[in-house]
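One structure is given below, encoded as structure tokens.
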Amino acid sequence: MGLKTRILGFGLPKAATDVDDKATKIDRLNEKPKEAFAPLSLKILSPVELEFKESIHSKLLEILNLSLISGIEEKEARKQIRAATQKLIDEESTPLNPQTRHQIIKAIEDDILGLGPLEALLYEPTIADILVNGYKKVYVERFGKLELTPVRFNDDKHLMTIIDRIVSRIGLRIDASSPMVDARLLDGSRVNVIIPPLAIDGPSLSIRRFAVDKMTLDGLVRRDSLTDYMAEFLKGATKSKLNILISGGTGSGKTTMLNAISNFIPNDERIITLENPAELQLQLPHVLRLETRPANVEGRGEVTLRDLVRNSLRMRPDRIVIGEVRGGEAFDMLQAMNTGHEGSLTTVHANSPRDALARLEDMVSMAGLEIPVNAIRKQISSAIHIIIQLGRFEDGSRRIISIQEVDGMEGDVITLSEIFKYNRYGINEKGVVLGQYCSTGIIPKCIANLKQRGATVDLTIFTNNLN
Ligand SMILES: Nc1ncnc2c1ncn2[C@@H]1O[C@H](COP(=O)(O)OP(=O)(O)OP(=O)(O)O)[C@@H](O)[C@H]1O
Ligand SMILES: [Mg+2]
């Protein structure tokens, strides 16, 4: 495996990210990981061993010409570093067991060529997020929960070297004059870096790992994130081209839900996805993926989501899928939804369907068009049909907490009807959240639309699950 794949692909087996390998992947994905909740076991050097490693590393730098190393194949570079390190260790009289010796050599190789201490985490498939808060604190999220790892960098300088390596490999740069980078690694992982002076306690790095586990809607049902009858409704709504807004807080599963429901878009439709940065993995044949671009060093060349939305409308899309609406592009999106581009899907950061509507309203005002509030609301209420509200619970689970239909307007207010909801009633002694999904008894107005478009939805799903 070449240097690029190893660093940017996080050393994950290539097959796991191959798009053609759909069938196997989907089967594997929907099973709960067998090792779920097993503690994270990492082989980490002790402080004394670390000190020894550092002294060998410094000696190595004195004798090794790094500029020569960086020009050669990774495999060969590792071989040369290994040989020189072994020689230096042998010259010391420190007794080392073979395992520690191997670990020290590997750690030095990783510092010079790879992602340093992070390498220990990159091979662990249960890790969803890697969060570095300064050099001493490295957290990971596994099975929906955050845990502090024993992984450490030597100091902020060491951490910055690794950050520079990640950022420069994707053609970007980070320094005090441009201290923030939000980007997508070549393997699809999302990375955000923010450094001093903006990050007060030292460089901070957040990596959302490329989801090897692409969850399907049925897989999410098995995880109890929604019920089969809610899934049936969402399948029908997606097939019938309703405009769907997925709302939720940070990490509540919005992008995952968007991916999962997009599987029900018929194969013959032309989809354009617009993102900042790209992370969707739609399993459909006719998809065009567009991604925004930040301004260059001279402050030029920026392409915003708004530019992309406008451009996409000239590309004859059947549907547009916007990863997340955050600003003025909401105006263009609503216009598109209201002018025949039905079946559009997007996500928004909000804590309730009502809050999602308020956010959209604010975003439309960001387009700077001075539209009266009432007109904005009318536009929202005619464009959006369904809002899916997601929630993230303290036990790490993510669930649909409400599905609501946008009914229309009453005076100045957009009216919503709740069709399904999650009633939380407690938490057990193991910290697991307890609750129940139910229908509210309301038969959504869109059912006529679904029927017209040939989607068969059994009406009892709206009434049989009341509680
Ligand atoms: N239903 C679910 N059950 C368990 N884990 C989930 C579920 N949905 C998503 N996840 C996991 O939660 C994490 C966050 O998911 P995702 O990226 O979809 O959230 P998001 O709301 O889009 O986050 P952000 O606010 O950062 O955009 C991922 O690691 C994902 O694998
Ligand atoms: Mg997201």
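Note that ligands are numbered from 1 as they come in the structure, with each ligand's atoms numbered from 1 the same way. Both backbone and side-chain heavy atoms feed into the values below; hydrogens, waters and symmetry mates do not.
Every atom of ligand 1 with a heavy atom of Arg398 under 4.0 Å away is listed here by number and element: 1 (N), 2 (C), 5 (N), 6 (C), 7 (C), 12 (O), 13 (C). Within ligand 1, the atoms closer than 4.0 Å to a non-hydrogen atom of Leu220 are 1 (N), 2 (C), numbered from 1 in the order shown. Every atom of ligand 1 with a heavy atom of Arg190 under 4.0 Å away is listed here by number and element: 26 (O), 27 (O). Close contacts of ligand 1 with Met215, meaning ligand atoms under 4.0 Å from a residue heavy atom, involve 5 (N), 6 (C), 7 (C), 10 (N), 31 (O). For ligand 1 and Ser225, the ligand atoms under 4.0 Å from any heavy atom of the residue are 1 (N), 2 (C), 3 (N).
Distance alone, capped at 3.5 Å, is enough to place a donor-acceptor pair between the Glu119 side chain and the Leu115 backbone.
Checked by distance only, ligand 1 and Ala128 stay at 3.5 Å or farther apart across all their nitrogen or oxygen atoms. In terms of N/O distances under 3.5 Å, ligand 1 is approached by Thr256.
Under a 4.0 Å heavy-atom criterion, Gly249 is in contact with ligand 1. Contact between Arg209 and ligand 1 is absent, with no heavy atom of the residue lying under 4.0 Å from the ligand. Within the structure, the closest approach of His349 to ligand 1 does not fall below 4.0 Å when heavy atoms are considered.
With no hydrogens or angles considered, no side-chain donor-acceptor pair links Asn449 and Ser240 at under 3.5 Å. No side-chain donor from either of Asp218 and Thr216 sits under 3.5 Å from a side-chain acceptor of the other. Looking only at atom types and distance, the side chain of Ser382 has a donor-acceptor partner in the side chain of Asn338 under 3.5 Å away. Between Thr304 and Asp307, the side chains place a donor N or O and an acceptor N or O closer than 3.5 Å (distance only, hydrogens not considered).
Proximity of Val433 to Arg424: side-chain heavy atoms (C-beta onward) are separated by under 4.5 Å at one or more points.
The distance from the NZ atom of Lys145 to the CG atom of Asp395 is 6.5 Å, given to the nearest 0.5 Å.
Distance check for Thr256 against the Mg ion (ligand 2): none of its N/O/S atoms falls below 2.8 Å.
Two rings, from Tyr229 and Phe420, have their centers less than 6.0 Å apart.
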